[in-house]
Amino acid sequence: MIILPKPDIFPSEITPKAIFEQRRAFLQKAGFGVVAGSVALFTHPLTAQAEKLAKSASQSRPKFSGIKKSAFSTSEKLTEYDDVTSYNNFYEFGTDKSEPAIHSKLFKAHPWTVSIEGEVKKPKTISIEDIYKLAPLEERIYRMRCVEGWSMVIPWVGLPLAQLIKWAEPTGNAKYVEFVSLADKQQMPGVNLPILDWPYTEGLRMDEAMHPLTLMAVGLYGEVLPNQNGAPMRLVVPWKYGFKGAKSIVKIRFTEKMPVSSWMKAGPREYGFYANVNPNVEHPRWSQSTEKRIGAGLFAGRIKTQMFNGYAEQVGQIYAGLDLRKNF
Ligand code: MTE
C-alpha cells in the first residue's frame, strides 16, 4: 500500500520577498553566470532554526510499505538520514548544500504528472501515482559519488527506469532519453538566477537508461522522497557522477540525437555527457581518485574511488570500445 505525500507547510520558513528581490538584484548586477562550486546565494535569515525544523518535519513523511529488497544493494554502512536530507545539491533552491532543505519546504510535489515526448508511439502523460504502480517498488542501497569528491550510501525506493520506458513505448528511432526537471520561478528561487540554463536537463543513452541498475527513485529510507532530494521523482544512476540524477522530473523525451545537458552547456570541458565515475580521468580542476564519505567522521580519511563507482562488473561491457578519456 502506498500512502500519498501531503505537502508540509511552514509559513515561517518563507524567505521574505523583499530580501529575495534584493539578493536577486545584487547578483544580477554582479553579473553572475555559471556557478559550479558551493557558493551560498541565499543566506537564510533563520538558518539554524530552519535547519532544525527541516529535520523535524522530515521525520513525519509518509512511508511506503511492502517494498521488496533488491539484490543489487550494497551492504556498506548507510549514510545517516540527516546527512542525506540536509547536504544536497539542488540549485533550483540555492547553491549551498544546506539551502535545498530550507528553501524547498513549501515546494508542492503533489499532484504531479510527467509528460512523455519525442520518439514515442504516442506522446502521453502519467501521474506519479500511476508511476508507483508500474512495477513493484524496491529498496536499492546504492553508493553515490558526487563530482565534487564526496560520496554517500543511500537506501533509495524506486522502480527500474526500464519499466517506465517500456510503458512509454519509444520508437525504433529513440537512441537517447532526456530528463527535464521542473523550473518554476514561483516555487524555486534559484530559477530566477542565471546559475544554469534552466530547466535542469540530463540525458542517458538508451542502453544506459534500460540497464537494470538504473532507478527512477520515488523515496528514500522507506519514505516518500523529501523535496530537497528531488520529490516526487528523480533519476539515480549509481555508476555515474551525481549530477546525472535529475530531480523533480516533469518531462521525459526520447531523441535520436544526444541531448545536451545543462551541465554540458555550463562547462563542456568539465562536465561530459557520460559522466561515468572514473578515478583515472581528472576533473580539470581537481583529482577524482579519492572521495570523502559524508558522515564518516573527521578522522576517517579519504577513500579510493572505484572505476564506475564499484559497478564495473555490471556496466563495464556497455562501454567496450569507447575511449573513456575522450568520452568523459
Ligand atoms: N537536479 C536538479 N534538478 N537540480 C540540481 O541542481 N543537482 C545534481 C543532481 N540533480 C541537481 C539535480 C547534483 S550536482 C547532484 S550531486 C545530485 O543531484 C545530488 O543529489 P542529492 O542532493 O539528493 O544527494
Side-chain angles (χ1 to χ4, degrees), residues 34-39 41-42 54 58 78-104 107 109 112 114 142-158 178-185 187-191 193-204 215-221 223-252 261-267 270-272 275 277 283 288 291-295 309:
V34 175
V35 182
S38 300
V39 186
L41 287 186
F42 318 101
S58 54
L78 300 184
T79 303
E80 294 285 333
Y81 178 91
D82 282 353
D83 287 328
V84 174
T85 56
S86 64
Y87 191 83
N88 301 104
N89 275 335
F90 199 168
Y91 282 10
E92 288 86 334
F93 293 106
T95 52
D96 187 77
K97 301 278 181 283
S98 63
E99 289 179 304
I102 298 162
H103 297 291
S104 70
F107 179 62
W112 194 272
V114 179
Y142 280 162
R143 265 184 305 278
M144 303 300 296
R145 170 64 155 81
C146 178
V147 74
E148 295 164 341
W150 48 270
S151 61
M152 296 193 192
V153 177
I154 302 180
W156 298 107
V157 175
E178 184 176 46
F179 303 88
V180 183
S181 299
L182 180 73
D184 180 349
K185 289 188 176 182
Q187 296 197 76
M188 300 169 140
V191 174
L193 302 168
I195 305 165
L196 285 172
D197 184 22
W198 310 114
Y200 192 100
T201 59
E202 259 308 336
L204 291 175
L215 196 71
M216 195 46 92
V218 295
L220 57 82
Y221 266 101
E223 64 176 41
V224 165
L225 209 55
N227 292 342
Q228 60 271 30
N229 294 88
M233 174 176 118
R234 60 89 58 84
L235 185 65
V236 173
V237 194
W239 71 92
K240 292 180 180 280
Y241 292 117
F243 66 86
K244 275 275 148 185
K247 295 179 168 184
S248 304
I249 294 169
V250 287
K251 199 178 287 180
I252 297 178
S261 70
S262 296
W263 280 112
M264 287 163 78
K265 283 182 198 160
E270 306 199 357
Y271 309 102
V277 174
H283 182 278
Q288 292 292 18
E291 66 202 53
K292 178 180 155 227
R293 186 60 55 87
I294 298 298
N309 202 24

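In each ligand, atom 1 is the first atom listed, and ligand 1 is the first ligand listed.
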Q | Heavy-atom nearest neighbour in the protein, as seen from atom 4 (N) of ligand 1, with distance rounded to 0.1 Å | A | E92 OE1, 2.7 Å
Q.
Could you check whether any side-chain N or O of S86 sits under 3.5 Å from a backbone N or O of S98, counting only pairs where one atom can act as donor and the other as acceptor?
A. no
Q | Distance from atom 17 (C) of ligand 1 to nearest protein heavy atom, with residue and atom | A | G242 O, 3.4 Å
Q | Flag, side chain of N227 to backbone of S104, donor-acceptor distance under 3.5 Å | A | yes
Q: Using a strict cut-off of 4.0 Å, indicate which atoms of ligand 1 neighbour a heavy atom of N88.
A: 21 (P), 22 (O), 23 (O)
Q | Under 3.5 Å donor-acceptor, T201 side chain and S261 backbone | A | no
Q) With no hydrogens and no angle check, is any side-chain donor or acceptor of R143 less than 3.5 Å from a backbone partner on S151? A) no
Q: Report the relative orientation of the aromatic rings in F243 and Y241; use parallel for angles under 30°, tilted for 30 to 60°, perpendicular for over 60°.
A: parallel
Q: Have a look at F243, F179, F93 and point out the one with the heavy atom closest to atom 13 (C) of ligand 1.
A: F243
Q) What residue and heavy atom of the protein are closest to atom 19 (C) of ligand 1, and at what distance? A) N89 O, 3.8 Å
Q. Is any N or O atom of N229, backbone or side chain, closer than 3.5 Å to an N or O atom of ligand 1?
A. yes
Q. Is K247 in polar range of ligand 1, meaning some N or O pair under 3.5 Å apart?
A. yes
Q) At a non-hydrogen distance cut-off of under 4.0 Å, which region of F90 contacts ligand 1 (side chain, backbone, both, or neither)? A) both
Q.
Using heavy atoms and a 4.0 Å limit, tell me yes or no: is G245 in contact with ligand 1?
A. yes
(Q) Taking only non-hydrogen atoms of C146, do any sit less than 4.0 angstrom from ligand 1? (A) yes
Q. Hey, does R234 sit under 4.0 Å from ligand 1 if you only count heavy atoms?
A. yes
Q | Expected output: side-chain N229 to main-chain V84 donor-acceptor under 3.5 Å | A | yes
Q. For the side chain of Q288 and the backbone of V147, is there at least one donor-acceptor N/O pair under 3.5 Å apart?
A. yes
Q) Any idea which of W198, Y200, Y91 brings a heavy atom closest to atom 11 (C) of ligand 1? A) Y200
Q. Has the side chain of K247 got a donor or acceptor atom that lies under 3.5 Å from a matching backbone atom of S181?
A. no
(Q) Counting only heavy atoms closer than 4.0 Å, does ligand 1 sit against the backbone of E148, its side chain, both, or neither? (A) neither
Q.
Does any N or O of ligand 1 fall below 3.5 Å from an N or O anywhere on Q228, backbone included?
A. no
Q.
Does this structure show an ion pair linking K97 with E148, if we count only N-O contacts that are shorter than 4.0 Å?
A. yes
Q: Just jot down the ligand 1 atoms closer than 4.0 angstrom to any heavy atom of S181, in number order.
A: 3 (N)
Q: Measure from the side-chain N and O atoms of K244 to the backbone N and O of G203, and report whether any donor-acceptor pair falls under 3.5 Å.
A: yes
